[in-house]
Amino acid sequence: MQPYSRVVMISALAVAVNACTHTMNVRNLNQYVKHANSPRKLIVSLEDGSRGSEQKYFSFVHEALATHPDVSRVMMAGEAQPDAVPDVVVKVTPQAKYNGSGWNYLITFPGFALFAHAWNGYVYSADLVTEVEVSTPGSPEVARSNITTTYNMRHCDFERGAWTSSGWYTPGWGGLNLIIGFFMVNYDEDSTPAFQKEIRSAYGQFIANSIIETASARLEARGSSTGEPAICATFDPWGREFRLGCG
């Protein structure tokens, strides 16, 4: 084989393999939508309860709260800001679980012959359980809720696309994919960054609006029961804490 022919063949193969990928598609992204309003702009003290890679999801919530039209300021728990008295204290603890699917075996074999991994993508899902705790300064009562969002996604990155496409250029008429298929059933961790990028705004806004909804209800209930403004507090610079009471 002439050198230029080899180059052409390799280039064509690389293009073919690269074409056998599927960009991240979260099919039910619009399923989790919520809009909440507060009677006044809130100052939120926010605590991060996440660990490891799940801190990414906390950052999405933080970002959404900071840009919410009914939030005037978000400060991290423990920050001393004498000029800002928090209306609510919020702790957010997201936990993520990722799942593969048995359909992925069929997508690998015999689906490779129809390039199913390219036009359909591999089937994955992600279960995000976000624990939210909302309280008001000085009150022992804490409103706790677990918000579950399950996302259905389709994705195939370059590596999986290359392995699946190998059925076209390896001996055995694609028989190798009978074995490769078992490795494709599980979730591909390489899909996580693309998934997080895709849900960043939708997930963050959904959780943020859930927080605003809960916080507003608590403040309204507290205000109506006492007949006083929901929050009246002063900052103690020596104790570095907020104390309820006016005057």
Side-chain angles (χ1 to χ4, degrees), residues 18-38 44 46 48-71 74 90-108 111 114-134 145-161 164 184-216:
N18 190 49
C20 292
T21 60
H22 189 283
T23 57
M24 174 58 66
N25 177 22
V26 180
R27 294 196 166 188
N28 63 330
L29 191 62
N30 296 325
Q31 180 177 342
Y32 302 102
V33 178
K34 182 186 288 289
H35 300 286
N37 301 105
S38 173
V44 179
L46 186 62
D48 182 3
S50 64
R51 295 180 179 180
S53 61
E54 291 167 340
Q55 288 181 330
K56 200 78 171 177
Y57 299 108
F58 171 83
S59 71
F60 299 159
V61 177
H62 187 182
E63 181 180 77
L65 277 174
T67 57
H68 195 284
D70 290 335
V71 175
V74 176
V90 180
K91 182 178 180 180
V92 177
T93 307
Q95 295 181 332
K97 180 181 178 182
Y98 308 99
N99 311 290
S101 171
W103 285 106
N104 294 340
Y105 185 92
L106 297 178
I107 290 172
T108 307
L114 301 175
F115 298 99
H117 56 289
W119 53 263
N120 182 79
Y122 281 108
V123 180
Y124 308 125
S125 66
D127 298 319
L128 302 184
V129 179
T130 308
E131 181 181 3
V132 175
E133 300 178 13
V134 180
S145 60
N146 288 323
I147 305 171
T148 301
T149 51
T150 299
Y151 297 98
N152 299 318
M153 59 183 116
R154 302 291 185 273
H155 186 245
C156 180
D157 66 358
F158 179 85
E159 183 178 0
R160 285 207 170 189
T164 305
M184 301 301 178
V185 170
N186 295 329
Y187 175 75
D188 184 4
E189 296 291 342
D190 293 338
S191 297
T192 302
F195 166 70
Q196 292 176 335
K197 181 179 180 180
E198 190 74 7
I199 71 163
R200 175 178 181 173
S201 177
Y203 167 78
Q205 291 178 12
F206 182 72
I207 302 301
N209 277 288
S210 298
I211 292 171
I212 296 299
E213 185 177 65
T214 302
S216 297

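Throughout, residue positions are numbered sequentially from 1 according to the sequence presented. Note that the coordinates shown come from a computational prediction; the quantities given were computed from them, not determined experimentally.
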Exercise for review: Please step through side chain to side chain contact (heavy atoms under 4.5 Å, CB included) for the pair T214 and I212, ending with a clear verdict.
Suggested key: CA-CA 6 Å; T214 302; I212 296 299; over 6 Å; no

Practice item. For Q95 and K97, run side chain to side chain contact (heavy atoms under 4.5 Å, CB included): C-alpha distance rounded to whole Å, both residues' side-chain angles, the deciding distance at 0.1 Å, then the answer. Key: CA-CA 7 Å; Q95 295 181 332; K97 180 181 178 182; over 6 Å; no

Practice item. Give the intermediate values and the outcome of side chain to side chain contact (heavy atoms under 4.5 Å, CB included) for residues Y98 and F195. Key: CA-CA 11 Å; Y98 308 99; F195 166 70; 4.2 Å; yes

Exercise for review: Please report the C-alpha distance between V132 and V61 in whole Å, then the side-chain angles of each, then the deciding distance to 0.1 Å, and finally whether the side chain to side chain contact (heavy atoms under 4.5 Å, CB included) criterion is met.
Suggested key: CA-CA 11 Å; V132 175; V61 177; over 6 Å; no

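Listed by first and then second residue, the salt bridge (charged side-chain N to carboxylate O under 4.0 Å, His left out) pairs involving residues 26-38 are K34-E213 (not counting sequence neighbours). Residue pairs satisfying the salt bridge (charged side-chain N to carboxylate O under 4.0 Å, His left out) criterion with at least one member in residues 118-129, sequence neighbours excluded, are absent.
When all heavy atoms of N209 and A36 are compared, the pair lying nearest together is OD1-N, 3.0 Å. Of all heavy-atom pairs spanning F206 and I147, the tightest one is CE2-CG2, 3.6 Å. Pairing each heavy atom of F58 with each of S50, the nearest pair is CB-OG, 3.8 Å. Closest approach of Q205 to A64, counting heavy atoms only: N-CB, 3.7 Å. Contact record, V44 with V71: CG2-CG1, 4.2 Å, taken as the closest heavy-atom pair. When every heavy atom of I107 is checked against every heavy atom of V123, the shortest pair comes out as CD1-CG2, 4.1 Å.
The only option from N186, D157, D188, T108 that meets the side-chain hydrogen bond (donor to acceptor under 3.5 Å, both in side chains) definition with Y122 turns out to be T108.
In this structure, H117 and F115 have tilted ring planes: the angle between them lies in the 30° to 60° band. Ring geometry for F60 versus Y203: interplanar angle over 60°, hence perpendicular rather than tilted (30 to 60°).
In this structure, I207 CD1 and S145 OG are separated by 8.5 Å, a value rounded to the nearest 0.5 Å. Taking OH from Y187 and CE from M153, the interatomic distance works out to 4.5 Å, rounded to the nearest 0.5 Å. Here H68 contributes atom NE2 and S38 contributes atom OG; the two are 8.5 Å apart, rounded to the nearest 0.5 Å. Rounded to the nearest 0.5 Å, atoms OG1 (T23) and CD (E198) are 8.0 Å apart. Summarising the geometry, atom SG belonging to C156 is positioned 12.5 Å from atom CH2 belonging to W119; distances are rounded to the nearest 0.5 Å. Between the CD atom in E133 and the CD1 atom in I211 there is a gap of 11.0 Å [rounded to 0.5 Å].
Within the 3.5 Å criterion, the main-chain N or O of G161 finds no donor-acceptor partner in the side chain of T164. A donor-acceptor pair under 3.5 Å is absent between the side-chain atoms of R154 and the main chain of H22, judged by distance alone.
Side-chain atoms of Y57 and T130, non-hydrogen and from C-beta on, never get closer than 4.5 Å to each other. Side-chain atoms of T149 and I199, non-hydrogen and from C-beta on, never get closer than 4.5 Å to each other.
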